[in-house]
Novice: 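What follows is a single structure, and I will ask about it in a moment.
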4 protein chains.
Amino acid sequence: MTPSAFHEVAHLGHVELLTPEPEASLRFFTEVMGLRECAREGDSVYLRTYDDYEHHSLILTGHSTSGIRTTALRTWSAEALKRRVAAIEEAGLGIGWRDGNFGIGQSYAFRDPDGHEFELYWDSEHYTAPEASRPALKNQAEAKPAHGVGVRRLDHVNFLASSVEPNGDFLRDALGARTSEQIRLDDGRIAAQWHHFGNKSYDLVYTEDWTGSQGRLHHIAFATDTREEILRAADLFLDAGVFIETGPHKHAIQQTFFLYVYEPGGNRIELCNPVSRLLLAPDWQTVTWTEIERAKGQAWGLKTIESFHTHGTPPIEP
Amino acid sequence: MTPSAFHEVAHLGHVELLTPEPEASLRFFTEVMGLRECAREGDSVYLRTYDDYEHHSLILTGHSTSGIRTTALRTWSAEALKRRVAAIEEAGLGIGWRDGNFGIGQSYAFRDPDGHEFELYWDSEHYTAPEASRPALKNQAEAKPAHGVGVRRLDHVNFLASSVEPNGDFLRDALGARTSEQIRLDDGRIAAQWHHFGNKSYDLVYTEDWTGSQGRLHHIAFATDTREEILRAADLFLDAGVFIETGPHKHAIQQTFFLYVYEPGGNRIELCNPVSRLLLAPDWQTVTWTEIERAKGQAWGLKTIESFHTHGTPPIEP
Amino acid sequence: MTPSAFHEVAHLGHVELLTPEPEASLRFFTEVMGLRECAREGDSVYLRTYDDYEHHSLILTGHSTSGIRTTALRTWSAEALKRRVAAIEEAGLGIGWRDGNFGIGQSYAFRDPDGHEFELYWDSEHYTAPEASRPALKNQAEAKPAHGVGVRRLDHVNFLASSVEPNGDFLRDALGARTSEQIRLDDGRIAAQWHHFGNKSYDLVYTEDWTGSQGRLHHIAFATDTREEILRAADLFLDAGVFIETGPHKHAIQQTFFLYVYEPGGNRIELCNPVSRLLLAPDWQTVTWTEIERAKGQAWGLKTIESFHTHGTPPIEP
Amino acid sequence: MTPSAFHEVAHLGHVELLTPEPEASLRFFTEVMGLRECAREGDSVYLRTYDDYEHHSLILTGHSTSGIRTTALRTWSAEALKRRVAAIEEAGLGIGWRDGNFGIGQSYAFRDPDGHEFELYWDSEHYTAPEASRPALKNQAEAKPAHGVGVRRLDHVNFLASSVEPNGDFLRDALGARTSEQIRLDDGRIAAQWHHFGNKSYDLVYTEDWTGSQGRLHHIAFATDTREEILRAADLFLDAGVFIETGPHKHAIQQTFFLYVYEPGGNRIELCNPVSRLLLAPDWQTVTWTEIERAKGQAWGLKTIESFHTHGTPPIEP
């Protein structure tokens, strides 16, 4: 990586999530999570969080199984897009250009070494909210939802990968990511790595897939305005019959306040809140956690739940 | 007052609020405040907060003007009801018995010295939530609303009165209320008094009506689970176009965290949160605030807003 | 119980806690929890929470082992004290009168059927804070502590008992307590019972002692102003090296937001927050949880931690 | 500005604040705000917020009057520093190189067009906390303070300037800043401008000085972990006798939750919390507020307090 590559990718734009239960999943994302529907096409419903300045944050697509289809990243500029595409092609992982839709322009598709599909794009129209959800404050994309959890933004994606390190190498080399934290097992293997593109301390995470399979998803995460909104969400999930896997609690790694649930299609969804934490140091040294440190559990002592190591999407036969 | 009269009234049950804008007011209470409709009759819609163990918390009635029609208090027992009715009749302020409806049994109507109408009742069916709003936890009346503010309970009523003291005397003598705090002006007049029936530090408040008129309302208040839910509510009010009068801030008197808005019918509505404060002392001495102390404004220095002294319902010609 | 006995006990006043590590325990309660020292006598340090209107909330006494020595309850009046003493003596559980000290007058000592010692008193001087901790608001006992967690009040005591039911019967019959919630095992045994004296939904709790021994303590609890202060406390505990047993999370029973730690003397201490929940119904029916319902864990799904069933004070040889 | 100049300044590093009441100001910053002292030299005390990865966040210097002496910014790299120094010298505003101290290396001093002094530096040692304040989590600079407010970081500086626009032009041209929001008066004058260097939506602000004088300070701001910590701080300020100017409330501009106080030396200090808001768009268009929009007051309707337009430091004779 040349130092200048950092900042070439601006942020996570949106993801496409697959669900075998499209109606129930849609109800979960709109009625419980408080996302708003902004478009439909084919088997896909386009949804947005209230503070997304672009057209959509999540494409929910009915499918034979669950999992993540695409993770779309916006570059810092048109030139940054060209440079990153060149780097991806040099790495031999490019797929090619695709036409955009619904406010997102042409994007370049590619795969990470583990096979997860990504898209990289620059052109993006800033969203104008319809009358019904027009915000009172002009520095905000859309009114804060009165319904459901009302998450602020799509925050990060945590991928499962048969091998963690090659993906981190690729993100750093081709996309200019930096690695803020990681877990190194006693045998030297990297069990998980957290990467970021700006002052958020992570945007993309890779976690080792215990099944050895490729291209799967651990979870996608949405950020709330406050920790209290995660506690309120826990009550809403409870009454709505949503399966709560673990939390609320605070991660030791990245210190995120979290809550994990499964949406009806089986995908793990995290609510997260960083409690004002930002990564400002330009020379941040990757924090490496050892196996014994991880065995202590989460920040306040909660043991990592077993299913955290056994549930991924799509599900696979053992 | 005989000491034993304290605890004879258990708590504030419900109020009937009048509105000249019944449709807009109903939308405010259901869509913005998150109350649930539980019955209709004539011009009235019955609404409930999620943690009310009785049938309804608020009766919203279309009318030629705004204001409060009735404040209903539940007694501690059938015997307490008899004793309080005797005391009210002795004071010459009784109106008489009324048939109940929607889960509330027979009630005894009366007036305070300023002319506000009250009802006192004992019989009350505990509410059973319908399937759609059944709570996950069996020690809760109804599921916490996913929509709107989602207030927990009707908390207190603040009445305007041409003269404050006679009403406090009546509440103490006839109903066994205690006075937790009050404002005494330099000329000796009591400008406001806060009364309570249990560990909540106030349930009924009287504030001097600057117009000298009788029977008017300063505000009714709903308690939220947390202060953070009041901050979230402020955002919802802003986007919904609800008029915010003052707050969020913390009252010096009673230390309540508060936010005041006007519902579309013109009535002032408070969101309040006590932040765990309770009045546990059986020998609490009434706290008296002087004119100079009150001039300091609210707890953290916010000046009391002018309209707080000029807006009451129903509005009257000066 | 005659109905009128409810309300004869006003509230939990203070407890005496024993510790084999008096210096470390004192540092925990003052530097981490934010209680203030208000007196010393012999091996005891008197400590207070900031919103306690009486002289002290906790007596911390150096001793050969841990556990609770006395739980002091204040009555509603001098007459109520006489009536309750008569009822206790009739039950054959009285010990006798004791002189008071530090603002608390004469108290009557007795034991519950399991052998835990209690005191009942009426005379109590309202606390006047010294200059250094004088509150800005005159309706508050003392300034909110700038140091440590800064808990508001001693909230409740949870006793271990060889048999739960006789203690609840005694509390109801002799002290006028009411039972708000309980756990009934499949074999009919009551595994735990929550009792209250006012609008707080519990003040004293009995939990079955798995060792069959008598007179032990499960935990004492302090209430914070907000849930957020419990989350902040978790961070302070972490950095101060305090052992966090479980939480923060929300109990299904009583819906309390909680965090459990062990103080250096080994006693379990809870931080709790009721999130505005009050028990207002005069005819509340005891909520009974079954064994299968309890197996679901806490409100948001956290499994009850094993040590919750094995750690009590004083520790005993198995 | 060449597009690449954005990101050359990484973040606000520290400021030097002047006070005519050095002892009282130091007590305010350590005992009330919860900063920790890390060094002393001459009339200066070096203080740090708990999550600052560098040596210090604030230099507090005893002086004949109040105000801000220096604002230090860290560049993204050694090369970025060279390029920015060249741009500053080209603008004719350079002062020259200075030796660093206490972990900060050589810095380049300069002035903005209004005369405020700045320093730009790259070399900076990452802070290692002493045993007494070592954090439990290795991805955090120092333990969260148990004492006082316990602010996370120095967040931004708001300068008064005789003319706002030239300073914004300079920040953009020489330092690569971007302007996220601004106020344009009806006569076309820019009354205030908010500039940022990363995903925080502002780091440096210029507000028109009503006195026409130069080089003064409106306020410096510290970020808390949560809004709730600002509400807790308001209680601490109240009991500590700190003058609260306005708040807590939410700004319309930038949507920051805020509280303003004066430290004993007279400088205005803000507590701020962004509630997870970040500026992620690489093509964010400056939001311009009109005079009429500003007249609406803050987000939830609080009128901007008069002293906000009349108090700056150092004070000047009218």
Side-chain angles (χ1 to χ4, degrees), chain B residues 3-4 6-7 9-13 51-54 74-77 79-80 122 124 126 136-140 152-153 155 180-181 197-201 223-229 250-255 272-285 287-289 293 296 299, chain C residues 3-4 6-7 9-13 51-54 74-77 79-80 122 124 126 136-140 152-153 155 180-181 197-201 223-229 250-255 272-285 287-289 293 296 299:
Chain B
S4 62
F6 190 65
H7 289 138
V9 171
H11 62 83
L12 173 62
D51 196 34
D52 190 348
Y53 73 91
E54 298 184 277
R74 189 171 185 213
T75 60
W76 185 258
S77 64
E79 295 68 33
W122 159 246
S124 181
H126 285 223
L137 297 176
K138 61 199 282 190
N139 51 2
Q140 182 174 319
R152 176 178 280 271
R153 68 167 167 265
D155 190 82
S180 51
E181 307 201 21
F197 296 107
N199 295 134
K200 282 178 71 239
S201 65
T224 61
D225 286 358
T226 61
R227 290 197 291 207
E228 277 290 330
E229 292 197 355
K250 175 181 175 169
H251 280 302
I253 297 176
Q254 304 288 358
Q255 303 203 11
C272 65
N273 188 271
V275 193
S276 303
R277 187 172 183 262
L278 292 174
L279 206 158
L280 299 174
D283 51 358
W284 178 266
Q285 295 301 303
V287 174
T288 300
W289 301 81
E293 286 169 342
K296 290 183 189 173
Chain C
S4 62
F6 190 65
H7 289 139
V9 171
H11 61 84
L12 173 62
D51 196 33
D52 190 348
Y53 73 92
E54 298 184 277
R74 190 173 183 209
T75 61
W76 185 259
S77 65
E79 295 69 32
W122 160 246
S124 181
H126 285 222
L137 298 176
K138 62 200 280 190
N139 52 3
Q140 182 174 318
R152 176 178 280 272
R153 68 166 167 266
D155 191 81
S180 51
E181 308 201 21
F197 296 107
N199 294 135
K200 282 178 71 242
S201 65
T224 62
D225 285 359
T226 62
R227 289 197 290 206
E228 278 290 330
E229 292 197 354
K250 175 182 176 170
H251 279 303
I253 296 176
Q254 304 287 0
Q255 303 202 12
C272 66
N273 188 272
V275 194
S276 302
R277 187 171 184 263
L278 292 174
L279 205 158
L280 298 174
D283 51 357
W284 178 267
Q285 295 301 305
V287 174
T288 300
W289 301 81
E293 287 170 342
K296 289 182 187 173

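To find a chain, count down the sequence lines: A is the first, B the second, and so on, and within it residues start at 1.
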Novice: Let me know if B:Trp289 has heavy atoms under 4.5 Å from chain C in its side chain, its backbone, both or neither.
Specialist: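 Answer is both: backbone and side chain atoms of B:Trp289 are under 4.5 Å from chain C.
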Novice: Tell me if a side-chain donor or acceptor on B:Arg277 pairs with a main-chain N or O of C:Gln140 at a distance below 3.5 Å.
Specialist: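 The answer is no, because no donor-acceptor pair under 3.5 Å joins these two groups.
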Novice: Go through the atoms of B:Glu181 and report whether side chain, backbone, both or neither lie under 4.5 Å from a heavy atom of chain C.
Specialist: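 Only the side chain of B:Glu181 comes within 4.5 Å of chain C.
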Novice: For each of C:Thr75, C:Asp283, C:Asn273, C:Leu12, tally heavy-atom pairs with chain B at distances under 4.5 Å, and name the one with the top tally.
Specialist: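 Maximum pair count with chain B is reached by C:Asp283.
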Novice: Go through B:Gln255, B:Glu54, B:His126 and name the one with the most non-hydrogen pairs under 4.5 angstrom from chain C.
Specialist: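 Highest number of heavy-atom pairs under 4.5 Å: B:Gln255.
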Novice: Between the side chain of C:Ser276 and the main-chain N/O of B:Thr224, is any donor-acceptor distance below 3.5 Å?
Specialist: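 Checked: pair present.
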Novice: Is B:Ser77 close to chain C through its backbone or its side chain, or both, or neither, when contacts mean heavy atoms under 4.5 Å?
Specialist: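 No part of B:Ser77 comes within 4.5 Å of chain C.
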Novice: With only heavy atoms counted, which part of B:Asp155 is less than 4.5 Å from chain C, the side chain, the backbone, both or neither?
Specialist: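 For B:Asp155, no heavy atom lies under 4.5 Å from chain C.
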Novice: Against chain C, label B:Ile253 side chain, backbone, both or neither, depending on which of its atoms sit under 4.5 Å from a heavy atom there.
Specialist: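 Only the backbone of B:Ile253 comes within 4.5 Å of chain C.
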Novice: Strictly below 4.0 Å, N to O, side chains only: are B:Glu293 and C:Lys138 in salt-bridge contact?
Specialist: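 A salt bridge links B:Glu293 with C:Lys138.
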Novice: Using only atom types and a distance under 3.5 Å, with no angle test, would you say the side chain of C:Asn139 pairs donor to acceptor with the backbone of B:Ala252?
Specialist: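 It does hold such a pair.
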Novice: Any sub-3.5 Å donor-acceptor pair from B:Asn199's side-chain atoms to B:Leu278's backbone N or O?
Specialist: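 Here the side-chain-to-backbone pair does not exist.
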Novice: With a 3.5 Å distance limit and no angle check, can you tell me whether C:Arg74 reaches the backbone of B:Leu280 through a side-chain donor-acceptor pair?
Specialist: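 Pair absent, no side-chain N/O of C:Arg74 close to backbone of B:Leu280.
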Novice: Measure from the side-chain N and O atoms of C:Ser201 to the backbone N and O of C:Gln254, and report whether any donor-acceptor pair falls under 3.5 Å.
Specialist: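 Looks like no, no N/O pair under 3.5 Å.
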Novice: Quick one: of C:Arg153, C:Lys200, C:Arg227, C:Glu79, who has the most non-hydrogen atom pairs under 4.5 Å with chain B?
Specialist: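 When all of C:Arg153, C:Lys200, C:Arg227, C:Glu79 are compared, C:Arg153 has the most.
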Novice: By a 4.5 Å heavy-atom criterion (distance strictly below it), what part of B:Val287 contacts chain C: side chain, backbone, both, or neither?
Specialist: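 For B:Val287, the contact with chain C is made by the side chain alone.
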